[in-house]
Asks: 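Please read through the structure below; I'll follow up with questions.
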There are 2 protein chains.
Amino acid sequence: MVSIRDISIKCGVSVSTVSKALNGYKDVSEETRRLVLKTAKELGYVPNAHARALKTNRTFTLGILFVDDQNNGLTHLYFSHVLNSFKSEAEENGYNITFIHKRWGKQIITLLQNCKFRGIEGVCIACVEPNDPEVQELAKSDVPVVSIDYIFPGCGCVLSDNRNDMAELVRYVYSMGHRKIAFIHGTDSYVTQQRIEGYVSTLRELGLEVRQEYMLESLYTNPYTTKKATEKLLQLEDRPTCILLPDDVSAFGAIEAIQEAGLKIPDDISIAGYDGVIYSRLISPRLTTVRQDTDKIGREAAKLLIYNIEHPQNPKLEPIIVKGELLTNQSVGLV
Amino acid sequence: MVSIRDISIKCGVSVSTVSKALNGYKDVSEETRRLVLKTAKELGYVPNAHARALKTNRTFTLGILFVDDQNNGLTHLYFSHVLNSFKSEAEENGYNITFIHKRWGKQIITLLQNCKFRGIEGVCIACVEPNDPEVQELAKSDVPVVSIDYIFPGCGCVLSDNRNDMAELVRYVYSMGHRKIAFIHGTDSYVTQQRIEGYVSTLRELGLEVRQEYMLESLYTNPYTTKKATEKLLQLEDRPTCILLPDDVSAFGAIEAIQEAGLKIPDDISIAGYDGVIYSRLISPRLTTVRQDTDKIGREAAKLLIYNIEHPQNPKLEPIIVKGELLTNQSVGLV
DNA sequence: CTGAAAGCGCTTACAG
DNA sequence: CTGAAAGCGCTTACAG
C-alpha cells in the first residue's frame with residue numbers, strides 16, 4: 001500500500017504538506033498541490049480510513065440493528081425496503097453502512113461495545129425487540145440512535161403513520177357499507193397499538209360498537225396463524241362482513257380460510273391487508289391495503305441520523321411521521 | 001474513551017504488558033493478567049478497532065456488493081434471503097459486514113478504491129451487472145472475491161444448480177403428461193443461460209422438439225412483461241399445455257393473462273414458477289416451483305470467502321454448486 | 001515475566 | 001507557503 005510518506009518522498013516535500021494538499025487546505029502553493037495530486041494518482045494512492053479515523057475520530061459509518069425474533073430482518077418485505085432506501089440516502093451523503101451484532105472475534109460483546117469498538121457514529125434500530133436490555137442500553141447511550149416505528153425516549157425516530165392510515169382504512173370500509181368490521185392484529189408492539197387505536201377510535205367516531213370478539217391476535221407475516229384467527233371469525237354467530245389483517249402476507253391465510261369455508265371474496269365477505277407490497281396487487285382477489293411509504297421512511301431515517309450525528313448539541317428528537325396511502329381494490333366489496 | 005494507557009497507569013504496569021494481558025499472551029503473570037482484566041472491566045475499556053487495524057492490517061470486515069440496474073438488491077426476495085444467511089454465517093465467525101459503494105465523502109471513487117480505503121478483506125458480489133468495468137476491476141484485484149450465481153475467472157463462487165434443477169422441473173412436467181412445454185425465461189445472464197441449457201437439453205433428452213415460438217424472454221420479477229409474453233403464447237395456433245416462468249413473482253403475470261383469456265389453471269393450462277419464495281405456495285393456484293436453497297447459498301458463500309481470506313496461498317476456486325428442491329403443487333396438472 | 005521503543009498512516013497545531 | 005513534531009491507540013520484536 002502506498003502511503004502519504006511515499007508521495008512525500010517522490011515529491012520532495014514533507015508529509016504535512018502532502019496531507020494538506022490532499023485535503024484541500026489553502027496554505028499550499030498551487031504548484032505543490034498539483035504535483036502532489038499528480039503523484040498520488042500515479043502511485044495509485046488510496047488513503048487509509050483507519051489511520052484517519054484514529055486521528056480524527058470520525059468513521060462516517062452508520063450501524064444498522066436489524067434483527068428480530070425470527071432473525072429475519074433482512075427478508076422482511078417491509079424492512080428490507082426501508083433498509084434499501086436508508087442505504088441509498090446514507091451513501092449519497094458519504095456515509096457507510098454496517099451491521100451491528102454481538103460478536104467480536106470469538107467473544108460475545110454487547111451491542112453498545114460493538115458500536116464503540118468499531119467507531120460507529122450512529123445507529124438505526126428497526127425490527128428488533130425494543131425491550132432487549134442491550135437495545136435499551138444502546139438507545140440510552142451517547143451513540144446517536146434513530147428508530148423506525150418505535151419511540152425510544154431521547155432518540156430520534158421515524159414512524160409510519162399507522163394510527164391515521166388505519167383510521168382511513170376503516171372509514172373507507174365503512175363507506176363501502178360495512179358495519180361489522182373485524183380486525184386481526186399482530187402481536188403487541190408500538191405499531192400494533194397504533195393500529196388498534198386507529199381502529200377503535202374510528203369505530204367509535206363512526207358510531208359503531210367495538211366488539212371484543214371481532215378483535216383477534218395473530219403473528220405478523222404468518223398466514224398460518226391468520227388462517228386460524230379467520231376461521232374463528234367465520235364461526236361466529238354474527239360474523240363480520242369485513243376482516244382487516246395484520247399485513248398482506250398474512251392475508252393469504254385469511255383468503256385460504258375463506259375459500260375453504262366455501263365463501264367468496266368480496267361477494268360473501270371482504271378483506272383488507274396492510275403494507276402494500278407489490279404482490280398484494282397481483283393476487284386474486286386484488287387486495288385493498290395500505291401502502292407504507294418505505295422509501296420515504298428509510299430516507300428520512302438516514303437524514304435524521306446524519307443530522308443528529310453532525311449536530312450533537314441540538315439533535316432533532318420530534319418523531320417524523322410518514323403518511324401511507326390507501327390502495328382500494330376489489331377485495332373490499334359494497335354491502 | 002478509556003485506552004490501554006489508562007489501564008496501564010491504574011495498574012502500574014506498562015502498556016505492553018496490558019496489551020499482552022488483554023490479548024491472552026502467555027508471558028504475563030497470572031496475577032498481572034487478573035489485575036489488568038479487572039481494571040479494564042472497571043474502567044469500561046473497549047479496544048479501538050481502528051488502532052488495531054492500523055497496526056495489524058486486519059479489519060475482519062467483509063464487503064457486500066449488492067446493487068442491480070433497478071437498484072433493488074436488498075428488496076429482491078431471492079438475494080435478500082441469501083444476504084441474510086451470509087450475514088449470519090459471517091458474524092458467527094467474527095466478521096463484520098458492510099456495503100461497498102462508490103462514494104467517499106463528496107467524491108466518487110471506484111469500488112476497488114472503496115475496499116482498499118476501508119480495509120475490506122473480501123467481497124461478496126451478487127445481484128450486479130458483472131460486465132461493469134468497476135466490478136471487473138474488483139474481481140481481478142488482489143481482494144478476495146466470492147460471487148453468487150456468476151463465475152468470475154480466478155474467484156470463488158457459489159452457484160444455485162439452475163441447470164439441473166430446471167432439468168428436473170422439465171422432467172416432472174413431462175411425467176405429468178405435458179409434451180408442449182413453453183419457457184418464458186429472464187433476460188440474458190449466467191443464470192438464464194443455465195436454465196435455458198437445462199430446458200433445451202432435457203427436451204432433447206426426452207425426444208421433444210425445441211420450438212423457438214415456445215421460448216420467450218421477459219424481465220425477472222416483473223409480472224407485467226410476463227403477462228405480455230404469456231398472452232403471446234396463448235395466441236399461438238398450437239399453444240403450449242404448460243408454461244415455465246422466470247420466477248414466482250413474474251408468475252402472477254401469467255396467472256392474470258390466463259384468467260383474462262378465460263382459461264383455468266391447471267384444467268386448461270399448467271404453469272410453474274421458480275424460486276420457491278414462501279408466498280408462491282400460498283396463492284391460488286398453488287405454484288409448482290423450484291425452491292433455491294438460499295440459506296445454504298449464503299452460508300457457503302460466507303464460509304468460502306472467509307476461507308480464501310485466511311488462506312491466500314491456496315484459495316478454493318472451484319464452484320460450489322447448491323442443489324434446489326422441486327416443489328410440486330396444483331399449478332401443474334395431469335394431461 | 002516486564003517494559004522501552006518503534007511504528008502502523010494519518011492530521012494538526014505550531015514555528016519559521 | 002513549508003516542515004518538524006507530537007500524537008491518535010494499539011501491537012510486537014527486542015532487551016533485560
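Please read all numbers here as calculations on a predicted model, not as lab measurements. By convention in this document, chain letters (A, B, ...) are assigned in the order of the sequence lines, proteins followed by strands, and residues within each chain are numbered from 1.
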Asks: Testing the basics here: between B:T59 and B:E121, what is the closest heavy-atom pair and its distance to 0.1 Å?
Replies: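 Heavy atoms of B:T59 and B:E121 come nearest at N-OE2, 2.8 Å.
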
Asks: Regarding B:R299 and B:D295, does a basic nitrogen lie under 4.0 Å from an acidic carboxylate oxygen?
Replies: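 B:D295 and B:R299: salt-bridged.
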
Asks: Over how many whole Å does the gap from A:N57 atom CG to C:dT12 atom P extend?
Replies: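 So the CG-P distance, A:N57 to C:dT12, works out to 11 Å.
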
Asks: On DNA chain C, check which nucleotide each of B:V28 and B:K55 is closest to and give me the residue with the more 5' one.
Replies: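 Upstream on the strand: B:V28.
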
Asks: Could you identify which residues of residues 8-21 of chain A place a heavy atom less than 4.0 Å from some atom of DNA chain D, listed by residue number, or say none?
Replies: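 Here the set is A:V13, A:S14, A:S16, A:T17, A:K20.
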
Asks: Check the distance between D:dG7's C1' and B:N48's CG and give it to me in whole angstrom.
Replies: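 Distance, rounded to whole Å: 13 Å.
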
Asks: Report yes if a side-chain nitrogen or oxygen of A:R52 is closer than 4.0 Å to either non-bridging phosphate oxygen (OP1 or OP2) of C:dT11; otherwise report no.
Replies: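 Checking A:R52 against C:dT11: at least one side-chain N or O falls below 4.0 Å of OP1 or OP2.
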
Asks: Between A:Q107 and A:W104 (side chain of the first, backbone of the second, donor and acceptor by atom type, cut-off under 3.5 Å), is there such a pair?
Replies: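 No, because the side chain of A:Q107 does not come within donor-acceptor range (under 3.5 Å) of the backbone of A:W104.
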
Asks: Show, in sequence, the C-alpha distance, side-chain angles and deciding distance for A:F117 and B:Y45, and conclude whether the ring-ring contact (aromatic ring centres under 6.0 Å, His included) test is met.
Replies: CA-CA 9 Å; A:F117 181 90; B:Y45 170 75; 9.0 Å; no

Asks: Whole-Å distance between C:dG9 C1' and A:L54 CG?
Replies: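 A:L54 atom CG is separated from C:dG9 atom C1' by 9 Å.
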
Asks: Is any side-chain heavy atom of A:V13 closer than 4.5 Å to a side-chain heavy atom of A:L35?
Replies: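 No - every pair of side-chain heavy atoms lies 4.5 Å or more apart.
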
Asks: Is it the case that B:T61 and B:R118 place a side-chain donor and acceptor less than 3.5 Å from each other?
Replies: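 No, no side-chain donor-acceptor pair sits under 3.5 Å.
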
Asks: At a heavy-atom distance below 4.0 Å, what parts of residues 104-122 of chain A sit against DNA chain D?
Replies: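 The answer is none.
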
Asks: Below 4.0 angstrom from OP1 or OP2 of C:dT11, is there any side-chain N or O of A:N23?
Replies: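 For C:dT11, OP1 or OP2 has a side-chain N or O of A:N23 closer than 4.0 Å.
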
Asks: Tell me which residues in residues 29-45 of chain B lie within less than 4.0 Å of DNA chain D, going by non-hydrogen atoms.
Replies: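 DNA chain D contact set from residues 29-45 of chain B: B:Y45.
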
Asks: Reading DNA chain C 5' to 3', what string of ( ), [ ], | and . shows its pairs, if Watson-Crick and G-U wobble pairs count only when both distances fall under 3.5 Å?
Replies: |||.||||||||.|||

Asks: A:D27 near the nucleic acid: base, sugar-phosphate alone, or nothing, with a heavy-atom cut-off under 4.0 Å?
Replies: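 The residue A:D27 makes base contact.
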
Asks: Checking B:R52 now: which residues fulfil salt bridge (Lys or Arg N to Asp or Glu O under 4.0 Å) with it, not counting sequence neighbours?
Replies: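 For B:R52 there are no salt bridge (Lys or Arg N to Asp or Glu O under 4.0 Å) partners, ignoring immediate neighbours.
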
Asks: Please answer whether the main-chain N or O of A:I321 pairs with a side-chain N or O of A:D161 as donor and acceptor at a distance below 3.5 Å.
Replies: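 Looks like no, no N/O pair under 3.5 Å.
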
Asks: Donor-acceptor pair, A:D149 side chain versus A:S160 backbone, under 3.5 Å?
Replies: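 It does hold such a pair.
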
Asks: Any chance CD of B:E31 has more than 12 other-residue heavy atoms, nucleotides or ligands included, within less than 6.0 Å?
Replies: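 It does not: B:E31 CD has 12 such atoms or fewer within range.
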
Asks: A:D6 has an atom CG; how far is it from atom C1' of C:dC8, in whole Å?
Replies: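 Answer to the nearest Å: 13 Å.
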
Asks: Which whole-number value in Å describes the distance from A:H50 NE2 to C:dG7 C1'?
Replies: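 Computing the A:H50:NE2 to C:dG7:C1' distance gives 17 Å.
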
Asks: Is there a donor-acceptor pair closer than 3.5 Å between any side-chain N or O of B:T98 and the backbone N or O of B:G63?
Replies: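 Judged by distance alone, no pair lies under 3.5 Å.
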
Asks: Filter on side-chain hydrogen bond (donor to acceptor under 3.5 Å, both in side chains), then keep only pairs touching residues 133-147 of chain A, sequence neighbours left out; what's left?
Replies: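 Every pair satisfying side-chain hydrogen bond (donor to acceptor under 3.5 Å, both in side chains) with a residue in residues 133-147 of chain A: A:K116-A:D142.
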
Asks: Using modelled atom types and a 3.5 Å cut-off, is there a donor and acceptor pairing between side-chain atoms of A:E129 and backbone atoms of A:N131?
Replies: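 Yes: the side chain of A:E129 pairs with the backbone of A:N131.
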
Asks: Donor-acceptor pair, distance only, cut-off 3.5 Å: does the side chain of A:N308 make one with the backbone of A:L305?
Replies: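 Checking the backbone N and O of A:L305 against the side chain of A:N308, no donor-acceptor pair under 3.5 Å is found.
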
Asks: Please state how far atom CZ in A:R5 lies from atom P in D:dA5, giving the value in whole angstrom units.
Replies: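 Taking atom P of D:dA5 as the reference, CZ of A:R5 is at 13 Å.
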
Asks: With the side chain of B:Y25 defined as its heavy atoms from C-beta on, choose the nearest nucleotide among C:dT11, D:dT12, D:dT2.
Replies: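 Nearest to the side-chain atoms of B:Y25, counting from C-beta on, is D:dT12.
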
